[in-house]
Structures are given as C-alpha cells and as structure tokens.
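Input: a single structure, listed below in structure tokens.
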Amino acid sequence: MDSIDGLKRTHNCSSLTEASLDQEVVLMGWVLRRRDHGGLIFVDLRDKRGVTQVVFAPEVDAKTHEKAHGLRSEYVIAVKGKVRRRPEGMENPKITTGMIEVAAHELRILNTSKTPPFPLDEDVEPSEALRLKYRYMDLRRPGMMGNIIFRHKVAQAMRQYLNGHDFTEVETPMLTRSTPEGARDYLVPSRLNPGCFYALPQSPQLYKQILMVAGLERYYQIVRCFRDEDLRADRQPEFSQLDMELSFIDEEDIIVLVEGLISHVFSETLGIKLKTPFPRLTYMEAMERFGTDRPDTRFGLELRDITNIAAKSGVSVFERAVASGGVVKAINAKGMAGLSRKELDDLTEFAKGLGAKGLAWVKIKEDGSWQSPIAKFFSEDERQAIETRLGAAAGDILFFGADQKAVAYKVLGELRLELARQKGLLPKGVFNFTWVTDFPLLEYDKDQGRFVAVHHPFTAPKPEDIGLLESDPGSIRSRAYDLVLNGVEIGGGSIRIHQYPVQQRIFKALSITEDEARDKFGFLLEALLFGAPPHGGLAFGLDRLVMLMAGRETIRDVIAFPKTQKAQCLLTQAPAEVSVTQLAELYLKPGWNLDKQGG
RNA sequence: GGGGUCGUAGUUCAGAUGGUUAGAACGCUGGCCUGUCACGCCAGAGGUCGCGGGUUCGAGCCCCGUCGGCCCCGCCA
C-alpha cells in the first residue's frame with residue numbers, strides 16, 4: 001500500500017479532453033474494471049465525476065506496468081501520466097473522456113478492496129436489501145451517485161430562487177411538543193423532565209406561523225420531517241420538505257410564486273422550460289373526472305357520471321347502488337376491446353381488492369353491438385345515451401363502477417391508472433403539473449365521531465363558506481391547495497387563520513375543547529392576539545419531487561440512507577435495543593419487548 | 001391490522017408433474033495474451049436451496065410456522 005504524500009490530484013475523471021493532450025496529470029479514484037492483456041493493461045478509473053481510461057504499458061514504465069497486474073476492482077489508486085489521444089478507431093464514444101487516455105508512468109495503490117458484494121456496473125440490479133446493507137457501494141454506482149448530486153442541485157436551485165425573492169431561511173426545533181391531529185409522532189423522552197416527551201416534528205407548521213407573527217414575512221427551510229406511519233415507495237419515516245410561509249399574500253400570490261420557483265428549478269437542473277400557469281382543478285372536478293384528488297393528467301380515460309341513466313336500467317347492482325345514495329361512474333377505455341377474458345378477470349380482482357363488489361364492462365364490437373354480461377338489461381335508448389356520454393365507438397371497452405361515491409371514485413380512479421400502466425400510456429419525461437384547489441375544510445370521522453381537518457386545523461375556510469361552520473361543517477371549502485405532478489402530490493399548503501375568533505370557531509367545530517386548545521395550542525392562539533398578519537404557505541415533498549425529476553420509482557433512490565419498509569436501517573441496524581442504564585436515566589421501564597422478554 | 005410477491009453459488013437467475021452427483025451467466029482464483037473498453041482463451045474453486053418443524057422410502061419443489069426484501073389496502077404526506 002502506498003501513501004498519497006507528494007501527489008496532488010490535477011483533474012477529475014470526466015474533465016480530460018483533447019484540449020489536455022501531452023499534459024502530465026494526476027488522477028485519483030477507484031478501479032472500475034481492469035482489462036489485462038498481459039503486455040498491456042487498461043484500467044477504467046472512476047471517481048465522483050466520471051470514468052477515464054488509464055493505460056499501463058511496459059514501454060512507458062516497466063515497473064508500473066508490472067504493478068498494475070495486481071489491481072483489482074474497487075482498489076483506490078492514484079496515477080500519474082501523460083494524456084494522449086487514443087489510436088485511430090479506438091475511441092470510446094460512450095464516455096465523455098473517450099477520445100483520450102492517460103498513459104501512466106506512476107501508480108500508487110492507496111487502498112485495496114475486498115471483492116464487492118455486488119457488481120458496480122449497472123447491467124444487473126442487485127437486491128435492495130443488499131444495496132441498503134452496503135449502501136456505500138450502492139452509492140458508488142454512477143446512477144445513484146448522480147441522483148444524490150442531482151438532489152443537491154435541486155435544493156440549491158430552490159435556495160437560489162427564494163433567496164432572490166426576499167426569503168429568509170430559518171431553522172426550527174427538532175425537539176418539539178406532540179400535538180393532536182395528523183400523523184403518529186416519533187417521541188423522545190426527556191431526561192431532565194421525567195415522564196415527559198418531546199416529539200420530532202411532522203412539519204414545522206406552528207413554528208413557521210409563529211415566524212410570520214414575528215414579522216419575518218418570508219420564510220423558507222429545507223427541513224427534515226418525521227411521521228411514524230407505515231411506509232410506501234414514496235413514504236419514509238423521515239423525509240424532507242421545502243417549507244415556505246409568507247405574509248400579506250393570498251392564494252394567487254403563492255401559486256404564482258411557486259410556479260416561478262418550480263420553473264426555475266426545472267430550468268436550472270434539467271434544462272426544461274415549463275409552461276405556466278399550471279392547469280387548475282377544484283377538488284370536486286378532480287374527484288369527478290379522475291376519481292382522486294391527485295390526478296395524473298398525462299393521459300385520458302376520464303371518469304364520466306352515468307348515474308341518471310343507470311338508475312333506470314334493469315341492472316340490479318346499478319339500481320341498488322343509486323337507490324342507496326351511491327353513484328354509477330364509467331370509463332371509456334378507448335380501443336382496448338381486445339382485452340382478454342383473463343385480463344378482464346384480473347382487472348375485476350384488482351377492483352375487488354379496492355373494495356368494489358365487481359367490475360361491469362361492455363365491449364363495443366366492430367358492428368357497434370354490445371358484448372357484455374349486462375348488455376341484455378339495457379334498452380336501445382340507454383345504450384345510446386351511455387355511448388354518447390362516453391364518446392364510445394367500435395373497439396372501445398367501457399368499465400362501470402356502481403357504489404357509494406368514495407368507493408366508486410377510488411375503484412375507477414385506480415382502474416384508470418392500472419389500464420394506463422398496462423397499455424403504456426405513462427410517458428417518461430413528461431411533467432404534468434396540476435393545482436388542486438377548494439378542498440373541503442373538514443370531514444367527518446366515523447371512528448372518532450367528530451369532524452377532523454382535511455389539511456390541518458389552522459387552514460382558513462373560504463370567507464363565503466364560513467357561515468356554514470355551525471350548520472353544515474362538511475360542506476365548507478378551505479383555502480388550501482395542492483400541487484400534483486404526474487399523479488403524485490408533491491406540495492400542499494393553505495392560507496392560514498390569523499384571527500383568534502375564527503381559530504376558536506374551528507377548534508369548536510373539531511370538538512376540541514377550550515381547555516384542550518389552550519393546553520395544546522395555547523401559544524399559537526395567544527400569538528394570534530398580538531398582531532398576527534394574514535399569512536399562508538406551502539410545503540414541497542423534496543424527495544418526491546426529486547424522484548419524479550430523476551425518473552425513479554421510489555424516494556429511496558434519491559435518499560442517501562433510507563429505511564426499509566419495516567423502518568429499519570440495514571446499514572446501521574437502527575433501531576436497536578439500548579441498555580437498561582440508558583432507559584433508567586430516561587425514567588423508562590424495560591420489558592415492553594414481550595417476545596424477547598418472555599412476556 | 002390485512003392482501004400479494006420474492007428468498008437457490010459472491011451477484012443475477014433457471015431448476016414441469018417430489019426421484020441419482022442442484023445448473024447457467026457474470027464475478028472470483030491461477031495461467032496465457034500489446035489496443036481493449038461487458039477484452040479474449042484455458043483451467044479451477046465456490047451451495048446449511050432464508051430459518052424451524054412436518055408429510056414421504058425420498059423434499060430446492062408439498063404442508064405448517066417463522067424471519068427478511070419489495071408492492072399494495074388501512075394509516076399517512
């Protein structure tokens with residue numbers, strides 16, 4: 001093993017071109033591959049930036065050539081040599097440095113490496129468990145390294161834009177208090193306050209509102225948030241938000257600002273010019289046309305309502321659904337009448353898995369007739385009416401969902417996505433943004449027997465709806481807005497309540513008692529009494545945004561050290577048991593791990 | 001809490017209906033090779049088939065349990 005002493009790296013492995021011919025250079029990095037021809041040895045040297053071919057030849061330096069025989073994958077080396085043009089016809093157009101090579105006359109082996117647990121070239125994808133255990137090897141792969149660097153660029157572009165718009169970045173506490181509403185908290189016991197716990201923030205919501213009361217006017221923060229809920233491809237227990245809050249603004253100001261921000265980020269990092277303003281949908285429109293509040297607008301297959309036609313048809317499941325207050329929605333899957341019986345059975349199972357009782361379908365045959373288990377129940381007029389409403393033509397297949405609104409929307413909304421996936425209707429490299437506005441402020445929670453906030457309890461109601469707060473809380477619309485990208489919610493926010501009496505009324509509608517409100521949110525309520533300005537904001541899911549921009553399917557690929565679905569870190573083995581002494585200091589009793597403690 | 005799927009060599013995978021000694025490719029080790037770039041050629045090593053139990057004359061394959069990765073519902077953003 002050799003020392004780095006006396007050697008200075010002069011270039012990285014992507015920077016050498018024909019402009020550097022005949023220069024003496026020093027490169028340092030990892031051995032990606034060695035092609036040993038006996039008399040001549042090629043090494044692909046990789047560093048953070050790229051790959052450069054190094055040649056070891058006896059006529060350049062016999063000892064160095066001899067030493068290069070011993071190189072193996074992932075050895076860390078430094079080479080000193082001369083940049084030369086590759087012989088005619090030996091260029092490699094696949095790498096940026098493919099026109100040149102470095103003829104090494106000095107080789108230092110700075111470290112050796114065990115044989116990697118999985119190959120670092122990206123032809124075969126190792127299992128995720130292995131990648132996470134050896135994350136440092138996984139991150140060496142150019143794709144993953146690229147993701148991490150790209151994420152940094154996105155964050156920098158965000159900061160650059162906001163710094164230029166009079167925003168101030170402020171850090172808020174990680175050790176905060178647990179509040180009701182929202183997700184389950186991660187708790188941290190307090191040694192100095194026996195029996196008391198901090199909570200890790202689900203978001204800096206209350207702090208950023210307090211900053212507005214403080215008069216900061218424009219705040220942002222790229223901040224870690226924690227939610228102790230079950231994981232998904234796009235959900236980690238800790239995730240990052242670009243969190244923003246502004247004073248003296250309304251919805252329009254925020255939407256315009258965010259469109260500028262996103263456009264700047266896309267332009268700076270991907271070179272893509274986005275078209276603004278982004279399309280907007282109300283929550284109602286989104287639900288009725290796409291069956292979800294986060295519509296993927298990259299393709300059609302929109303939902304249509306045929307409740308009034310189906311109500312009178314002889315199809316008993318339709319009639320029953322309508323009679324019990326439900327709806328009948330339909331999708332026209334254009335040109336998909338070729339779906340096989342097996343495929344239709346699978347789609348039916350898919351629908352049942354989402355709560356549907358079944359999945360009715362109608363194929364429009366070439367002669368215009370209906371092929372369907374339920375065809376016989378419809379009159380000619382009803383068929384006509386349905387075809388007209390759905391724009392149906394020969395070769396189409398229609399799917400129906402008849403149920404309570406929530407179920408019918410969900411089933412057809414998901415079916416729409418599933419059909420799009422199966423038929424390849426989800427183009428890569430297309431970025432369809434949609435604002436969704438006019439969310440309901442409250443929804444009734446059957447389990448708790450009370451209304452709960454759809455967004456959070458500090459969201460302002462629409463002024464024209466506020467009169468309904470006591471009479472019909474479920475119908476009030478809020479001043480909340482979500483930003484959706486390709487069917488993924490990447491941002492959400494609202495105009496907040498800044499007047500004490502309004503906040504009081506909302507708490508009351510949420511069945512939060514005055515005592516409880518004072519106990520849990522007293523500091524905010526009091527702050528509202530000291531000249532709180534009108535304010536509102538928005539938070540972006542940074543991981544999700546970067547994931548979509550990078551064309552990945554899970555946020556784990558854009559997080560350096562993510563956790564598994566069981567919220568474990570395979571690299572560090574966190575979470576882990578702690579000593580009884582540690583527990584005692586925190587006034588916690590051991591013994592809750594019933595399996596291992598034998599009850 | 002629930003549903004689905006996967007687990008076989010270092011890696012990615014193949015192993016119909018249960019049947020002799022569990023295979024391939026890449027990687028690894030040794031040898032040869034002066035224009036390769038997924039170098040080539042020759043030889044070789046490498047397996048508790050996730051783990052435990054059961055059925056059977058016989059289990060990688062069947063059954064039960066369990067552990068782990070992933071996807072999804074609920075939950076949550």
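Values below: all heavy atoms of this structure, side chains included; hydrogens, waters and symmetry mates excluded. Only a predicted model underlies this, so the values are computations on that prediction, with no experimental measurement involved. Naming: A, B, ... by sequence-line order, numbering from 1 per chain.
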Protein heavy-atom contacts under 4.0 Å, written 5' to 3' over nucleotides 34-52 of chain B as B (base), S (sugar-phosphate only) or - (none), form the string BBBBBB-------------

What N/O pairs connect the protein and nucleotides 73-77 of chain B at under 3.5 Å? Give each pair on its own line.
{"unit_1": "B:C73", "atom_1": "OP2", "unit_2": "A:R232", "atom_2": "NE", "d": "2.9"}
{"unit_1": "B:C73", "atom_1": "O3'", "unit_2": "A:K410", "atom_2": "NZ", "d": "2.9"}
{"unit_1": "B:G74", "atom_1": "OP1", "unit_2": "A:K410", "atom_2": "NZ", "d": "2.8"}
{"unit_1": "B:G74", "atom_1": "N7", "unit_2": "A:R232", "atom_2": "NH2", "d": "2.8"}
{"unit_1": "B:G74", "atom_1": "O6", "unit_2": "A:D230", "atom_2": "OD2", "d": "3.4"}
{"unit_1": "B:G74", "atom_1": "O6", "unit_2": "A:R232", "atom_2": "NH1", "d": "2.9"}
{"unit_1": "B:G74", "atom_1": "O6", "unit_2": "A:R232", "atom_2": "NH2", "d": "3.0"}
{"unit_1": "B:G74", "atom_1": "N1", "unit_2": "A:D230", "atom_2": "OD2", "d": "2.6"}
{"unit_1": "B:G74", "atom_1": "N2", "unit_2": "A:D230", "atom_2": "OD2", "d": "3.3"}
{"unit_1": "B:C75", "atom_1": "O2'", "unit_2": "A:E229", "atom_2": "OE1", "d": "2.6"}
{"unit_1": "B:C75", "atom_1": "O2", "unit_2": "A:R235", "atom_2": "NH2", "d": "3.0"}
{"unit_1": "B:C75", "atom_1": "N3", "unit_2": "A:R235", "atom_2": "NH1", "d": "3.0"}
{"unit_1": "B:C75", "atom_1": "N3", "unit_2": "A:R235", "atom_2": "NH2", "d": "2.8"}
{"unit_1": "B:C75", "atom_1": "N4", "unit_2": "A:R232", "atom_2": "NH2", "d": "3.4"}
{"unit_1": "B:C75", "atom_1": "N4", "unit_2": "A:R235", "atom_2": "NH1", "d": "2.9"}
{"unit_1": "B:C76", "atom_1": "O2", "unit_2": "A:R235", "atom_2": "NE", "d": "3.1"}
{"unit_1": "B:C76", "atom_1": "O2", "unit_2": "A:R235", "atom_2": "NH1", "d": "2.6"}
{"unit_1": "B:C76", "atom_1": "N3", "unit_2": "A:R235", "atom_2": "NH1", "d": "3.1"}
{"unit_1": "B:A77", "atom_1": "O5'", "unit_2": "A:R227", "atom_2": "NH1", "d": "3.2"}
{"unit_1": "B:A77", "atom_1": "O4'", "unit_2": "A:R227", "atom_2": "NH1", "d": "2.4"}
{"unit_1": "B:A77", "atom_1": "O3'", "unit_2": "A:E489", "atom_2": "OE1", "d": "3.0"}
{"unit_1": "B:A77", "atom_1": "O3'", "unit_2": "A:E489", "atom_2": "OE2", "d": "3.0"}
{"unit_1": "B:A77", "atom_1": "N6", "unit_2": "A:Q236", "atom_2": "N", "d": "2.9"}
{"unit_1": "B:A77", "atom_1": "N6", "unit_2": "A:Q236", "atom_2": "O", "d": "2.8"}

Kindly say whether the aromatic ring centers of A:H37 and A:F42 come within a distance under 6.0 Å. yes

Is A:Y198 atom OH crowded by more than 12 heavy atoms from other residues, nucleotides or ligands, each under 6.0 Å away? no

Rounded distance in Å between the P positions of B:C76 and B:C62: 39 Å

At less than 4.0 Å, is any side-chain N or O atom of A:R131 found next to OP1 or OP2 of B:C70? Yes or no. no

Pairing partner of B:C70, by Watson-Crick or G-U wobble and under 3.5 Å for both distances, is B:G4

Separation of the C1' atoms in B:C42 and B:G60, to the nearest angstrom: 33 Å

Using both distances under 3.5 Å as the test, list the Watson-Crick or G-U wobble partner of B:A9, or none. none

The side chain of A:Q565 is closest to which nucleotide in this list: B:U29, B:C72, B:G69? B:C72

OP1 or OP2 of B:U29 versus the side-chain N and O atoms of A:R72: is any pair under 4.0 Å? yes

Expected string for nucleotides 5-15 of chain B under the B/S/- scheme (protein heavy atoms, under 4.0 Å, primed atoms plus P, OP1, OP2 as sugar-phosphate) is -----SSS---

How about A:K520: does its NZ atom have over 12 heavy atoms from other parts shown lying under 6.0 Å from it? yes

Strictly by modelled atom types, are A:D482 and A:Y283 linked by a side-chain donor-acceptor pair under 3.5 Å? no

Quick one: A:Y134 OH to B:G69 C1', roughly how many Å, whole number? 15 Å

With rounding to the closest Å, how many angstrom separate the P atoms on B:U12 and B:G2? 29 Å

Would you say A:E553 has more than 12 foreign heavy atoms packed within less than 6.0 Å of its CD? no

Is there a side-chain contact between A:T115 and the phosphate of B:C28, meaning an N or O under 4.0 Å from OP1 or OP2? no

Would you call the rings of A:Y136 and A:Y134 parallel, tilted or perpendicular if under 30° counts as parallel and over 60° as perpendicular? perpendicular

What integer distance in Å separates A:L570:CG from B:G68:P? 10 Å

Please determine whether a side-chain nitrogen or oxygen atom of A:K566 lies at a distance below 4.0 Å from atom OP1 or OP2 of B:G68. yes

Could you give the NZ-to-C1' distance, from A:K563 to B:G69, as a whole number of Å? 17 Å

Tested for side-chain contact (heavy atoms from CB on, under 4.5 Å) against A:I100, the lone hit among A:N92, A:T17, A:T52 is A:T52

Does a sphere of radius 6.0 Å around CZ in A:R294 hold more than 12 heavy atoms from other residues, nucleotides or ligands, not counting ones at 6.0 Å or beyond? no

Could you state the CD-C1' distance from A:E74 to B:C28, rounded to the nearest angstrom? 15 Å

So, are A:D121 and A:R46 salt-bridged, with charged N and O less than 4.0 Å apart? no

Determine the interatomic distance between C1' on B:C49 and the same-named atom on B:C61; round to the nearest Å. 10 Å

B:G58 and B:C39, which share atom name P, separated by this distance in whole Å: 49 Å

Partner nucleotide of B:A45 by Watson-Crick or wobble geometry (both distances under 3.5 Å): none

Base partner of B:A16, which must satisfy Watson-Crick or wobble distances under 3.5 Å: none

Taking the C1' atom of each, how far is B:G27 from B:U66, in whole Å? 33 Å

Taking B:G50 as the reference, what is the distance to B:G15 when you measure between their P atoms (whole Å, please)? 15 Å

Do A:Q221 and A:T172 pair up side chain to side chain, a donor and an acceptor below 3.5 Å, judged on atom types alone? yes

Determine, stepwise, if the pair A:R496 / A:H456 fulfils side chain to side chain contact (heavy atoms under 4.5 Å, CB included). CA-CA 10 Å; A:R496 327 296 184 189; A:H456 56 55; 3.4 Å; yes

Pairing partner of B:G60 (Watson-Crick or G-U wobble, both distances under 3.5 Å): none

Can you tell whether the side chains of A:E238 and A:R224 come within less than 4.0 Å, N to carboxylate O? yes

